[in-house]
Trainee: 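Dropping a structure here in C-alpha cells format, bear with me for questions.
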Amino acid sequence: MLILTGCTATTEVEEALVSEETIVDEPSLDELLQDKRYVRQVYGELFTANSTDELENILAKQLTQFDQQIGLVYKGQNLSPKDVEALLQKLRINHDMIGGTLFYYEFAVVPIEQGVFLDLFSRFTTNKIEMASILPKRDALLTSLQLEGKSEREKLEIIHRAIIEGMDYNFEYDNLVTDHSPAGFFLYGSGVCQAYASAMHMLLVEVGFEAKLVYGELKSAIVNDTKHIWNLVKVDGKWRHVDATSNDRGAGFDNQVSKVYFMLTDEQLEATHIWNQKDYPKAD
C-alpha cells in the first residue's frame, strides 16, 4: 500500500496507465476558425476579404470603431507582413480617427487552407465609452466659442486658442494612454502633442474644415527619438500647418498662446519640423 502525505506520487500501475493514454493533438488554426464558440470568444466576428480593397475597407471600419482584436481570412493574392504594415500606415495617414487614437498594434499573418489569416491586436488611446463622454464636451465647447458668422481664419484662431488655454502639457508623461488621447483635452485638461492635435482635429472637422493630422518629428528632439504630431488645415483654399503644442508657452506666461507655428507653409515649417511630405497635401 502506498500512503501519500502532503505530496503526490505515481505507482507502477499509474505509470502504465499514463503511458497507454492517447495523446490528443491540439486543433489546427483552420479547425479553430471553424469553431464558432472560439471565434465569438476571441474575435467576436470573423471577417473575410477577397481583395486588398476589401481588406482595407474592413480594417478602416473596425479600427475606426476601436475594435481591439480583429480576425480576418484573406483570400486574395499573396499577403505578407510587409503588406499589412504598409496598409496600417496608410490607414493611419488617410483616416485621422485611426491615426489620432491608434496607440499600439501587433499582428500575425498565418497561412491557412482558405488563404491567409490575419490576427490583429490594437490598443487605442480612447474607446467607445469614453468617446460618448468626449462628444458632448466637444459640442458644448463649440457652442461656447460662438463661431457663427466668423471667417475661416477667425474660427481657426479661436479654436487654436481654446486648445492651448484648455490644457497643460504633461511633462511628467505619466499616463501613456490618456496623455495621447483627445480625452486629455476634453476630459482631463492635460496631455502631450497627440492630445493637442487630435482634439483640435475633432473641433476643426466638426465645424467644416478640411484637416489632417501630420506625423513627424521636431528637429531639436531627434536625438531623443521624440515623435511629434500637429495639424494641417485648409484655410481659405490653402493648406497651412498649425502646431498648437509648440505654440503653448505655458499657463505661467502672460501671453500663453504663441503664433510662431501658426498658419505656416511647408517651407516655413521645414526649419524646425520633419515629416514625409509626399503623404500630405502641399502647403505652399
Side-chain angles (χ1 to χ4, degrees), residues 96-97 99-101 103 125-126 130 134 137-138 140-142 144-147 150 152-207 209 211-235 239-266 268-275 280 283:
D96 290 313
M97 180 55 71
T101 62
F103 181 69
T125 62
T126 188
E130 192 172 69
I134 290 174
K137 297 282 188 180
R138 177 203 63 186
L141 175 60
L142 288 175
S144 71
L145 295 180
Q146 299 180 345
L147 301 176
K150 301 289 195 305
E152 287 192 345
R153 173 66 181 254
E154 290 171 330
K155 290 178 181 179
L156 178 59
E157 288 181 344
I158 293 171
I159 291 174
H160 174 253
R161 175 174 291 277
I163 289 291
I164 293 175
E165 293 182 343
M167 69 183 301
D168 297 317
Y169 191 89
N170 188 355
F171 289 97
E172 298 298 326
Y173 205 68
D174 56 1
N175 193 316
L176 293 179
V177 177
T178 58
D179 281 348
H180 292 78
S181 170
F185 171 75
F186 290 108
L187 301 181
Y188 307 114
S190 175
V192 295
C193 59
Q194 191 167 356
Y196 281 78
S198 59
M200 186 169 180
H201 180 80
M202 290 180 66
L203 294 171
L204 291 171
V205 171
E206 185 63 17
V207 298
F209 280 100
K212 303 287 292 181
L213 288 169
V214 184
Y215 307 90
E217 294 186 58
L218 292 172
K219 288 186 176 181
S220 61
I222 288 179
V223 175
N224 298 322
D225 192 30
T226 300
K227 307 300 181 182
H228 194 55
I229 302 178
W230 62 94
N231 300 92
L232 184 62
V233 55
K234 196 171 188 179
V235 184
W239 287 97
R240 290 292 181 264
H241 295 273
V242 178
D243 185 351
T245 310
S246 297
N247 282 336
D248 188 353
R249 291 172 172 163
F253 287 82
D254 291 336
N255 185 7
Q256 180 181 356
V257 182
S258 168
K259 286 191 177 180
V260 174
Y261 302 98
F262 183 79
M263 291 279 289
L264 299 188
T265 64
D266 289 345
Q268 291 170 323
L269 196 68
E270 284 174 340
T272 53
H273 293 55
I274 295 176
W275 70 103
Y280 303 95

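Here, residue 1 is the first one in the sequence, and each next residue gets the next number.
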Trainee: Please confirm whether the backbone N or O of N247 pairs with a side-chain atom of S258, one donor and one acceptor, at under 3.5 Å?
Mentor: no
Trainee: Is there a side-chain contact (heavy atoms from CB on, under 4.5 Å) between W239 and K212? Walk through the geometry before answering.
Mentor: CA-CA 10 Å; W239 287 97; K212 303 287 292 181; 4.0 Å; yes
Trainee: R249 side chain to N255 main-chain N or O, any donor-acceptor pair under 3.5 Å?
Mentor: yes
Trainee: Whether the side chain of Y261 engages the backbone of T272 through a donor-acceptor N/O pair (distance < 3.5 Å, no angle test) should be reported.
Mentor: no
Trainee: Return yes if a side-chain donor-acceptor contact under 3.5 Å exists between H241 and W230, otherwise no.
Mentor: yes
Trainee: Using only atom types and a distance under 3.5 Å, with no angle test, would you say the side chain of Q256 pairs donor to acceptor with the backbone of D248?
Mentor: no
Trainee: Please find the pair of heavy atoms, one from L156 and one from V235, that lie closest to each other, and give the distance.
Mentor: CD2-CG2, 3.6 Å
Trainee: Answer with yes or no whether the side chains of E130 and T126 bring together a donor and an acceptor at under 3.5 Å.
Mentor: yes
Trainee: For N231 and H201, which I'm curious about, is there any donor-acceptor pair between the side chains at under 3.5 Å?
Mentor: no
Trainee: Could you check H273 against D243 for side-chain contact (heavy atoms from CB on, under 4.5 Å), going step by step and ending with a plain yes or no?
Mentor: CA-CA 10 Å; H273 293 55; D243 185 351; 2.8 Å; yes
Trainee: Counting N and O atoms only, with roles assigned by atom type, does the side chain of D96 sit under 3.5 Å from a partner on the main chain of G99, one being a donor and the other an acceptor?
Mentor: no
Trainee: Any side-chain to backbone donor/acceptor pair from E206 onto L203? Under 3.5 Å, distance only.
Mentor: no
Trainee: Output, in order, the C-alpha distance, side-chain angles, deciding distance and verdict of side-chain contact (heavy atoms from CB on, under 4.5 Å) for T245 and V192.
Mentor: CA-CA 8 Å; T245 310; V192 295; over 6 Å; no
Trainee: Can you tell if the side chain of F186 reaches within under 4.5 Å of the side chain of M202, non-hydrogen atoms only?
Mentor: yes
Trainee: Quick one: does T125's side chain get under 4.5 Å of P182's, heavy atoms only?
Mentor: yes
Trainee: Residues in salt bridge (Lys or Arg N to Asp or Glu O under 4.0 Å) with E157, at least two apart?
Mentor: R153, K259
Trainee: For L218, does its backbone N or O pair with a side-chain atom of K227 as donor and acceptor, under 3.5 Å?
Mentor: no
Trainee: Would a distance-only check, ignoring hydrogens and angles, find a side-chain to backbone donor-acceptor pair under 3.5 Å from N170 to S190?
Mentor: no
